> 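One structure, pasted below without further comment.
Keep in mind that what you see is a predicted model, and the values were worked out from it rather than measured. By convention here, the first residue in the shown sequence is residue 1.
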Amino acid sequence: MTTYYSGTVIGAVVTLGLLRRVNTMRSGGAGRHVMGATLATAGVVAFCTMTNPLYALWFVLPAGAVLLVLRVCSQLSSRALCRAGLVLCVGTALGMALRIPFAHSIVATTEDYWHLRDIGASLAYHARQVSDTLATRAGIASLCITLGMWIASIVIALAVVRRGKVVHSFIALSACLGPFIVAVAVIVMGSEATRYLQPWAFLPFLALTVLPGAEFAARGISRRILAWLPARESIGTLRAAGVVGAAIFLGVVCALTMPRINATVSVVDADLRCVTDWVDASGRTGAGLFWTMRAPKAYAADPRQIVQVDDQLHAGSWLANRHDAVNAQVTYFITDADSYPFSFPDASPAGTMDVISCGRYAIHDFYPVVAPLKPAER
C-alpha cells in the first residue's frame with residue numbers, strides 16, 4: 001500500500017457504499033431520495049476520476065462487471081442496472097472532462113499507461129514479483145494472508161449470493177471479483193506497476209461487512225446500546241459529557257506523545273545531514289532519481305540545488321517543480337542502494353568523478369564537467 005493512493009482507496013470504498021444504496025432504492029414514493037443518492041454517487045465518481053483516473057480501474061470497471069453478474073443472476077432489475085451503469089459512465093466521463101483544464105499540469109498521458117504489446121512482459125514481470133516475494137518468510141506470510149482473505153471473500157460471496165439479497169451480493173461480489181478483474185486489467189494494459197494491484201489489500205476485507213450473521217449481530221449490539229442509554233431528556237447531558245471526555249482524552253494523549261514526536265521529527269539522520277551539508281557548502285546544482293533525491297531536496301537550504309532526473313538524464317516531471325531543471329548546470333549526482341545506474345552521454349564525466357560517501361547515500365561529483373540534461377519526457 002502507498003499513501004499517495006489513499007484518496008483513491010477511500011473514494012472506491014465510499015462509492016461502493018453509495019452505489020449499493022442506489023441499487024436498492026425504489027422509485028415509488030422515494031423519487032427525491034433516489035435522485036439525491038444517484039447525483040451524490042455520480043458526483044463522487046466524477047471527483048475521484050478527475051483526481052486520479054486509476055479510480056476507474058479500481059472501482060468503475062469491477063463495479064460494472066459485478067452489476068452485469070447480478071443482472072445475469074436475476075438479482076438486479078434491468079432498470080437498476082441501467083441507472084447504476086449510467087451513474088458510473090456519466091460520472092467517469094465527467095471526471096475525465098474535468099481534467100482537460102488541468103492538461104498543462106498533467107504529465108502522464110494515455111500512452112504512458114497502455115502498452116498492449118507488452119502483455120507478455122507484464123505477465124512475466126508480475127510472476128517474477130510473486131517469485132521474489134515467496135523468497136522471504138515475510139513475503140510468504142503476506143501472500144498467505146492476502147490469498148487467504150481473497151479465498152474467504154469468495155466463500156462469503158457464494159453464501160451471500162445464494163441468499164438472493166442484492167444489497168449484500170453487490171458488496172460480496174465486488175470484494176472477491178474486484179481484485180481479480182484489476183489484476184487481469186493491469187496485465188492486459190502491459191503495465192509493470194505493482195502498486196496498481198492495491199485492491200488486493202483492501203477489497204477482500206469488505207466481504208466481512210456482509211458476512212452472514214454480521215447484520216444480526218450488529219442489530220443486537222445496537223439494541224443493547226440503545227437500552228443502556230438514558231431517557232431522551234438526558235441525551236444532551238450525555239453528549240456534553242462525551243465531548244468533554246473526548247477533549248480530555250485527546251489532551252492527555254497529545255501531552256504524552258507530542259514531545260517524543262517533536263523530538264523525532266526534529267532530528268535529521270546523520271546520512272541525510274551529510275548530504276545536505278555537502279550540497280549547501282558546494283553552492284552547485286546536482287541531480288538524483290525521485291526516490292533518492294526527495295529527502296535531500298526537502299532538507300537542503302535551497303531545494304533548487306537538487307534536480308529530479310531519470311536514469312537517462314531526462315528532467316523529472318513527476319511531483320516536481322519543472323522550473324528547477326531550466327538551465328540547470330548539474331555537476332554531481334546523488335545515489336543510494338536502490339538507484340539505477342545513470343546512462344551518461346558520449347562526453348561521459350565518469351572518468352573525472354569523485355565519490356563522497358554519506359552512509360546510505362553517495363555523492364558523485366564530476367565538477368567542473370556539466371552533465372547535459374534532456375527535456376522532460378511526456
Side-chain angles (χ1 to χ4, degrees), residues 1-5 105-108 112 125 128-129 132 135-136 138 192-195 260-378:
M1 296 289 286
T2 51
T3 54
Y4 52 84
Y5 286 145
S105 300
I106 299 174
V107 176
D112 295 324
Y125 173 82
R128 288 195 304 270
Q129 292 294 308
D132 292 343
T136 64
E192 295 184 355
T194 52
R195 62 184 181 275
R260 177 172 294 184
I261 294 175
N262 184 59
T264 301
V265 300
S266 300
V267 175
V268 180
D269 69 85
D271 298 346
L272 182 57
R273 185 176 294 278
C274 171
V275 173
T276 55
D277 288 347
W278 190 94
V279 170
D280 295 342
S282 72
R284 295 186 272 116
T285 301
L289 302 179
F290 172 77
W291 295 108
T292 304
M293 50 69 68
R294 61 176 184 167
K297 186 178 181 70
Y299 283 91
D302 184 0
R304 294 173 297 178
Q305 286 184 257
I306 304 177
V307 178
Q308 180 191 150
V309 296
D310 62 14
D311 59 325
Q312 300 296 321
L313 299 186
H314 290 280
S317 55
W318 188 46
L319 302 179
N321 186 346
R322 302 179 198 176
H323 293 291
D324 291 350
V326 177
N327 299 323
Q329 302 293 306
V330 173
T331 56
Y332 62 86
F333 290 121
I334 301 174
T335 64
D336 60 12
D338 296 324
S339 296
Y340 294 108
F342 282 103
S343 297
F344 295 104
D346 295 336
S348 172
T352 59
M353 189 178 298
D354 294 326
V355 180
I356 298 91
S357 177
C358 286
R360 67 180 182 277
Y361 295 103
I363 302 172
H364 305 264
D365 183 20
F366 42 84
Y367 181 79
V369 178
V370 175
L373 298 186
K374 303 174 185 177
E377 290 186 319
R378 288 193 59 89

> T335 versus H364: any side-chain heavy-atom pair under 4.5 Å?
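Yes - at least one pair of side-chain heavy atoms lies under 4.5 Å apart.
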
> For a 4.5 angstrom cut-off between non-hydrogen side-chain atoms, does D354 reach Y367?
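SC-SC contact between D354 and Y367 ruled out.
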
> Do Q305 and D280 make a side-chain contact, defined as non-hydrogen atoms from C-beta onward lying under 4.5 Å apart?
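Touching, per the 4.5 Å side-chain cut-off.
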
> Determine, stepwise, if the pair Y5 / R195 fulfils side chain to side chain donor-acceptor pair (under 3.5 Å).
CA-CA 9 Å; Y5 286 145; R195 62 184 181 275; 3.2 Å; yes

> Under a 4.5 Å cut-off applied to non-hydrogen side-chain atoms, are V309 and V330 in contact?
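SC-SC contact between V309 and V330 ruled out.
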
> Among residues at least two apart in sequence or on other chains, which ones pass side chain to side chain donor-acceptor pair (under 3.5 Å) with R128?
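Scan of R128 (side chain to side chain donor-acceptor pair (under 3.5 Å), adjacent residues dropped) gives none.
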
> Answer yes or no: is there a donor N or O on one side and an acceptor on the other, between the side chain of D271 and the main chain of R360, under 3.5 Å?
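Side chain of D271 to backbone of R360, a donor-acceptor pair under 3.5 Å: yes, one is there.
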
> Using the six-membered ring wherever Trp is involved, compare the ring planes of W278 and Y332 and label them parallel, tilted or perpendicular (cut-offs 30° and 60°).
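Perpendicular, since the angle between the ring planes exceeds 60°.
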
> Can you confirm whether more than 12 heavy atoms, excluding those of D132, are under 6.0 Å from its CG atom?
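Atom CG in D132 is crowded, with more than 12 foreign heavy atoms closer than 6.0 Å.
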
> May I ask you to test the P296-L272 pair for a side-chain heavy-atom distance under 4.5 Å?
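P296 reaches L272 side chain to side chain.
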
> What's the separation between atom CD1 in I363 and atom SG in C274, rounded to the nearest 0.5 Å?
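Result: 6.0 Å between the selected atoms.
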
> Any heavy-atom pair between the side chains of L313 and F333 that's under 4.5 Å?
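F333 reaches L313 side chain to side chain.
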
> Which atom names give the shortest non-hydrogen contact between I306 and K297, and what distance separates them?
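Heavy atoms only, the tightest pair is O-NZ, 2.6 Å.
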
